[in-house]
Amino acid sequence: MNSTARFPRLQQLIGGYRKDMIALQRELVRRIAVGPDNNGPGEAEKAAFLAVELEKLGLTVTDYPAPDDRVAGGHRPNLIALLPGHKPEKIWVLSHLDVVPVGELNLWQTDPFTLRVEGDLLYGRGVEDDHHGIVASFFAVRALVEAGITPARTIALALVADEETGSQKGLAHLLANHKELFSPQDLIIVPDAGNAEGTLIEIAEKSMLWLRLEIKGKQCHASKPDLGINTLRVSAHFIVALEGLLQEFNAENPFFDPPCSTFEATKIEANVQNINTIPGLGVFYLDCRVLPEYALRMVVARVKEIASEIERRFGVAITVKTVQEVQSPPATPPDSPVVKALTKAVQVVYQRRAEPRGIGGGTVAAFFRRLGLPAAVWMTDEFTAHQPNEYVNLNHLIGDCQVFAHVFLNAE
Ligand SMILES: [Zn+2]
């Protein structure tokens with residue numbers, strides 16, 4: 001059977017997995033995998049369950065545990081399950097085992113850790129983030145196995161810990177200690193974000209810079225403003241002056257939405273408690289999302305220059321402090337094999353044209369890209385992650401599973 005004839009067979013098999021997908025979601029939801037940073041027990045129970053299920057399919061499962069004495073057993077699991085292909089180059093699907101806490105419990109209509117099924121919608125903590133990736137990739141492999149197909153490339157499912165709290169015990173651990181598992185020739189898919197149409201393939205992230213800006217003026221009575229220096233008024237001038245950053249760092253990159261860098265004043269710290277005192281200390285924060293073509297130190301240097309102008313103009317003292325600085329790695333090339341394979345598969349399964357795009361920042365794909373490993377973030381995503389009554393649409397699980405199966409079958 002050639003691959004054009006084999007894909008309909010896989011699609012048909014996957015279409016028959018609806019009940020089994022619900023059953024797997026049910027088992028995953030009830031194994032609470034909140035990480036220790038969020039006062040949870042970690043991912044061990046969920047990982048042990050999945051290891052058995054993957055072995056039942058005939059996959060070889062290896063754990064690459066990250067030591068962590070905050071959890072029972074003393075380590076966080078990072079499973080890699082392999083289905084050998086005709087060649088050693090791999091197609092990775094990397095999903096994460098951990099889930100975020102439930103948040104405000106009374107906002108949930110039912111118990112977050114007991115799966116609720118309503119029509120095609122499955123509710124529970126983790127059903128989308130990131131059981132969506134786990135379930136869709138698991139059943140794509142099962143379809144290959146049941147159809148008796150050996151793919152060209154080796155299929156590698158990675159199920160990692162600690163994605164929600166920094167990945168140091170998850171993907172970062174794997175890449176730091178077992179980098180030999182990955183090759184630039186591999187296709188790497190991270191099903192952990194996307195859009196509701198399944199047409200967003202995320203290949204790049206903006207750099208992220210958070211700055212704390214502290215202005216020291218002089219507190220005084222509000223009836224005698226000349227005796228002080230009003231830091232709230234200075235903050236206002238400063239914030240307006242910072243809008244100049246938009247003109248200076250004005251490159252446009254159509255892969256991103258919005259296509260430009262952004263510089264937004266966000267949080268402001270409380271100052272005086274009463275209305276009739278002029279504040280002498282002002283603190284606000286700037287959230288900068290900067291296109292990868294700019295070095296963040298250039299932005300910091302320019303903010304400091306603007307701060308000096310404000311100091312001279314108003315007689316204040318300003319401290320610029322970096323709270324967080326993440327220089328984005330080079331983008332995954334839009335014509336890389338993983339992007340092409342996903343685009344083709346989305347076209348076949350959903351009859352839609354997917355586009356490689358950039359986002360504002362914050363996925364684990366950055367860990368891969370930093371090492372020159374081309375990763376693409378993709379899934380059909382209704383953005384219910386981290387929300388109360390998190391849900392996933394069973395039709396998206398089926399469709400995304402078929403997309404993975406198409407990639408597994410056709411990537412050379
Ligand atoms: Zn996630």
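Residue numbers run from 1 in the order of the sequence given. Please read these numbers as outputs of a predicted model, since none were measured by experiment. Both ligands and their constituent atoms are indexed starting at 1 by order of listing.
Both the sub-6.0 Å distance and the 45° axial angle are not jointly satisfied by R302 relative to the ring of F249.
Salt bridge R116/D111: absent, no basic N to carboxylate O contact under 4.0 Å.
The distance from atom CZ of R212 to atom OG1 of T322, rounded to the nearest 0.5 Å, is 12.0 Å.
Rounded to 10°, the angle formed at the Zn ion (ligand 1) by H96 NE2 and D192 OD1 is 100°.
For G126 against V99, the heavy-atom pair with the smallest separation is CA-CG1, 3.7 Å.
Taking 2.8 Å as the threshold, E163 does not count as a candidate ligand of the Zn ion (ligand 1), since none of its N, O or S atoms lies below it. Among the atoms of D129, an N, O or S atom falls under 2.8 Å from the Zn ion (ligand 1).
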